[in-house]
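One structure is given here, and the rest of the page talks about it.
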Amino acid sequence: MSEEIKNQEAAEAANQDELDQIVSLKKGDTVKGTIVKLEDDQAVVSIGYKYDGVIPIRELSSGLDNAEEAVQVGQEVEARVISIDDGKEKLVLSKRAIDSENAWEKLEKLFESKEVFEVIVNDVVKGGIVVDVGMRGFIPASMVERHFVEDFSDYKGRTLRVVVKELDRENNKVILSQKDVLEAEFEANKQKVMAELKEGQELVGTVQRLTQFGAFVDVGGVDGLVHVSEIAWTHVDKPSDAVSEGDQVKVKVLKVDPEKGKISLSMKAVQPGPWETAAGQFNNNDIVTGVVKRLVNFGAFVEIAPGVEGLVHISQISHKHIGTPQEVLKEGQEVKVKILEMNPSEKRVSLSIKETEEAPEAAPKAERAPRAARAPREELNNPNVSLNNSGLSITLGERFGDKLNKFK
C-alpha cells in the first residue's frame, strides 16, 4: 500500500471520528475541555469539537465581575452543553451546572457532619452575602456575624468560615452561616476563660457596649457586666456619662457564674474609695463647702466630697431654735460646714453649720418695774391679838378656856 493511500485512509478515519463526535454531541451532554482564552464576560473552551465552545460568565459561577475570577487559561474544566448552533458555530457550555451537581453530594455530607469550611464572598446583595460552593450559596445578613452589621459592602472578596445551615435541593437552595461558627467558638472560649477567672482578680478590659443598666466589658474574649452602681463611687445616672465604647478600663471580678454564663465586674472597686481619699483631705475643725443631699427629722446630710456625706444634727443647724431642718434648709442648697469629728474608718463625719456663723447678740433684759409702796398697816384693837415681836397670837386659854376646864 502506497504512502499516499495510507495518508488518505488516516484522514478519512479522522474525519469519521469528527463526524461521530458532531453527531453524538447534543444539549445536556457533559464534556471536558481546556480554557484557551478569557474575555471579560466569557471563557473560551476547546473540547476537540470543530469549533470552540464558550462559557458565559454567569455559567462559570455566581457573582463574578469577570471570567478571570473563576478560571485560568490552560485550566481543564468539565462542562454541560447548554446549546449548539452549528450554523452560527455557536456552542454554549456551563461549568456551573456540573459544579452544582458535584457540590450537592459534598454539601449534604457537610450538612450532616456540621463541618466548618471556607468560602469566598462573591457578591453582596440585599439581605445578605452570596458565595460560590459549586453553586450559589447564600448567607443571610443575620447569619454573618455575632453582632449587627449595617453595611456589608467591604465583605466582597473576604474568606469566611461557615457551616451548612439549610439545604433544599428541590428549590436549589443553600443557606450557610458564619455566625454559628463564631458562636460555638465564643462559647468554648467563654467556658475556658470563666474557668480561669477568680473572684477578686483585677483585670484590664475593653468596653464593648453600653446599656441603661451598665457597661459590658471584654475580659479575654468574654463580656462581663459592670452594673451602673459599680462604675464609680459617685452617683452615675447612665453609663455613657462615665465611659465610652472602646475605652480600656481596669476592673475587679466580683462574681463568676459558669452555669448562667455571667461575670459580674466592678470599676469602682479598683479605685480609691471616697472615704479613703477623705482621710487625707479633711481634718477636724476644717470649714468646708458642701451640698445638702437629704433632710430628715433629726438633721441634714451634707456632701462635702463626692461620696462623702456627713450629718449636721438639727441642734447644729442654727443658733435659733427650729422645729425641723426644712425651716432653714432645702435639698441641693450649698452651705458652709465645720467638721466637728472625722471618722473615715467608720465612714462617719459630724458637721455643724451654726459654728460657721457668729452667734447673734443676746437681747437686753427688760428693766424690772419699781416695787409698789406698801399700804399702811391697819391698826388692830382686838384685845385677843398680840402685836409683840412674837407675832400675832391668841392664847388657847382665851379661845378654849371653858372647854379645857372639863378635862382637868
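Computed from a predicted structure; not experimentally measured.
- Looking at Q75 and Q72, their side chains never bring a donor and an acceptor atom within 3.5 Å of each other.
- Applying the ring pair (Phe, Tyr, Trp, His ring centres under 6.0 Å) rule to Y51 yields the partners Y49; only residues at least two apart in sequence or on another chain are considered.
- A 4.5 Å side-chain heavy-atom check between V144 and V149 finds every atom pair outside the cut-off.
- No donor-acceptor pair closer than 3.5 Å links the side chain of E89 to the backbone N or O of D86.
- Counting all heavy atoms, side chain and backbone alike, G299 lies closest to P325 at O-CG, 3.5 Å.
- Taking NE2 of H235 as the start and OG of S229 as the end, the distance is 10.5 Å to the nearest 0.5 Å.
- Residue pairs satisfying the side chain to side chain donor-acceptor pair (under 3.5 Å) criterion with at least one member in residues 247-257, sequence neighbours excluded, are listed as follows: T206-Q248.
- Looking at D286, its side chain does come within 3.5 Å of a backbone N or O of N283 through a donor-acceptor pair.
- Contact between D52 and L91 at its shortest, heavy atoms only, is O-CB, 4.2 Å.
- Rounding to the nearest 0.5 Å places CD of E183 at 12.0 Å from CE of M143.
- In this structure, F282 has no ring pair (Phe, Tyr, Trp, His ring centres under 6.0 Å) partners at least two apart in sequence or on a different chain.
- At least one side-chain heavy atom of P344 sits less than 4.5 Å from a side-chain heavy atom of M342.
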I'd like a table of donor-acceptor pairs (distance under 3.5 Å, sequence neighbours excluded) in which one partner is a side-chain atom from residues 209-223, with atom names and distances.
unit_1 : atom_1 : unit_2 : atom_2 : d
T211   : OG1    : F213   : N      : 3.3
T211   : OG1    : G214   : N      : 3.2
T211   : OG1    : G214   : O      : 3.1
D218   : OD1    : G220   : N      : 3.3
D218   : OD1    : G221   : N      : 2.6

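- The distance from atom CD of E355 to atom NZ of K336, rounded to the nearest 0.5 Å, is 15.5 Å.
- Note: I120 CD1 to T159 OG1 = 4.5 Å, rounded to the nearest 0.5 Å.
- By the 4.0 Å N-to-carboxylate-O rule, K106 lies too far from E108 to be salt-bridged with it.
- At a threshold of 4.0 Å, the pair E78-K95 does not count as salt-bridged, since none of the basic side-chain nitrogens sits closer than that to a carboxylate oxygen.
- Taking CD of E69 as the reference point, atom CG of N66 lies at 4.5 Å (rounded to 0.5 Å).
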May I have the list of side-chain donor-acceptor pairs in residues 190-199 shorter than 3.5 Å, sequence neighbours left out?
unit_1 : atom_1 : unit_2 : atom_2 : d
K190   : NZ     : G261   : O      : 2.9
K192   : NZ     : E196   : OE2    : 3.2

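- Dense packing is recorded around CG of D154, with more than 12 heavy atoms of other residues, nucleotides or ligands lying under 6.0 Å away.
- No donor-acceptor pair under 3.5 Å is formed between the side chain of K32 and the backbone N or O of I47.
- When the shell of 6.0 Å around CZ of R146 is examined, it contains more than 12 heavy atoms from other residues, nucleotides or ligands.
- Side-chain contact between L38 and V44 is absent, with no heavy-atom pair separated by less than 4.5 Å.
- The main-chain N or O of S177 is never found under 3.5 Å from a side-chain atom of D180 such that the two would form a donor-acceptor pair.
- Using modelled atom types, no side-chain atom of N171 and backbone atom of K173 make a donor-acceptor pair closer than 3.5 Å.
- A67 approaches A43 most closely through the heavy-atom pair CB-N, 4.5 Å.
- A 4.5 Å side-chain heavy-atom check between L351 and L340 finds every atom pair outside the cut-off.
- The stretch residues 83-119 participates, sequence neighbours left out, in no ring-ring contact (aromatic ring centres under 6.0 Å, His included) pair at all.
- With sequence neighbours excluded, no residue satisfies side-chain hydrogen bond (donor to acceptor under 3.5 Å, both in side chains) with D40.
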(Q) Quick one, E185 with R161, criterion salt bridge (charged side-chain N to carboxylate O under 4.0 Å, His left out). Give me CA distance, side-chain angles, the key distance, then yes/no. (A) CA-CA 12 Å; E185 292 176 348; R161 293 175 303 117; 2.6 Å; yes
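- Rounded to the nearest 0.5 Å, atoms CD1 (I287) and CG (N285) are 8.5 Å apart.
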(Q) Checking V36 against V45 for the side-chain contact (heavy atoms from CB on, under 4.5 Å) test, could you report, in this order, the C-alpha distance in whole Å, the side-chain angles of both residues, the deciding distance, and whether it holds? (A) CA-CA 6 Å; V36 294; V45 186; over 6 Å; no
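- Residues passing the salt bridge (Lys or Arg N to Asp or Glu O under 4.0 Å) test with R348 are E346, sequence neighbours excluded.
- Looking at every heavy atom in both residues, Y155 comes nearest to E145 through OH-OE2, 2.8 Å.
- A search for salt bridge (Lys or Arg N to Asp or Glu O under 4.0 Å) contacts involving K238 returns D241, not counting sequence neighbours.
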What donor-acceptor contacts under 3.5 angstrom involve side-chain atoms of residues 129-142, with partners at least two apart or in another chain?
unit_1 : atom_1 : unit_2 : atom_2 : d
D132   : OD1    : G134   : N      : 2.9
D132   : OD1    : M135   : N      : 3.4
D132   : OD2    : S61    : OG     : 2.4

Q: Take E101 and R80 through the test salt bridge (charged side-chain N to carboxylate O under 4.0 Å, His left out) and record every step on the way to the result.
A: CA-CA 11 Å; E101 288 182 4; R80 174 72 45 78; 2.9 Å; yes
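- Between the W233 side chain and the V308 main chain, no donor and acceptor come within less than 3.5 Å of each other.
- For residues 316-332, the pairs satisfying side chain to side chain donor-acceptor pair (under 3.5 Å) are Q316-S352, with sequence neighbours left out.
- The backbone N or O of G307 sits less than 3.5 Å from a side-chain atom of E303, completing a donor-acceptor pair.
- Residue K114 comes nearest to V163 through the heavy atom pair O-CG1, 3.7 Å, listed as atom of the first residue, atom of the second, then distance.
- In this structure the side chain of L225 never reaches within 4.5 angstrom of the side chain of L265, judged on heavy atoms.
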Q | Trace of the side-chain contact (heavy atoms from CB on, under 4.5 Å) decision for L311 with F298 | A | CA-CA 9 Å; L311 173 65; F298 54 85; 3.9 Å; yes
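- At most 12 heavy atoms of other shown residues, nucleotides or ligands fall within 6.0 angstrom of atom NZ in K165.
- Using modelled atom types and a 3.5 Å distance limit, the side chains of S345 and N343 yield a donor-acceptor pair.
- In terms of heavy atoms, A79 sits closest to I98 at C-CG1, 3.6 Å.
- Here E68 pairs with nothing under the side-chain hydrogen bond (donor to acceptor under 3.5 Å, both in side chains) rule; sequence neighbours left out.
- Taking the side chain as every heavy atom from C-beta outward, V164 and L176 approach each other to under 4.5 Å.
- By the 4.5 Å heavy-atom criterion applied to side chains, F152 and D123 are not counted as neighbours.
- Between the side chain of S100 and the backbone N or O of R96, no donor-acceptor pair lies under 3.5 Å.
- Looking only at side-chain heavy atoms (C-beta outward), T289 and V335 stay at 4.5 Å or farther from each other.
- Judged by distance alone, with hydrogens and angles left aside, the side-chain atoms of E59 form no donor-acceptor pair with the main-chain N or O of S94 at under 3.5 Å.
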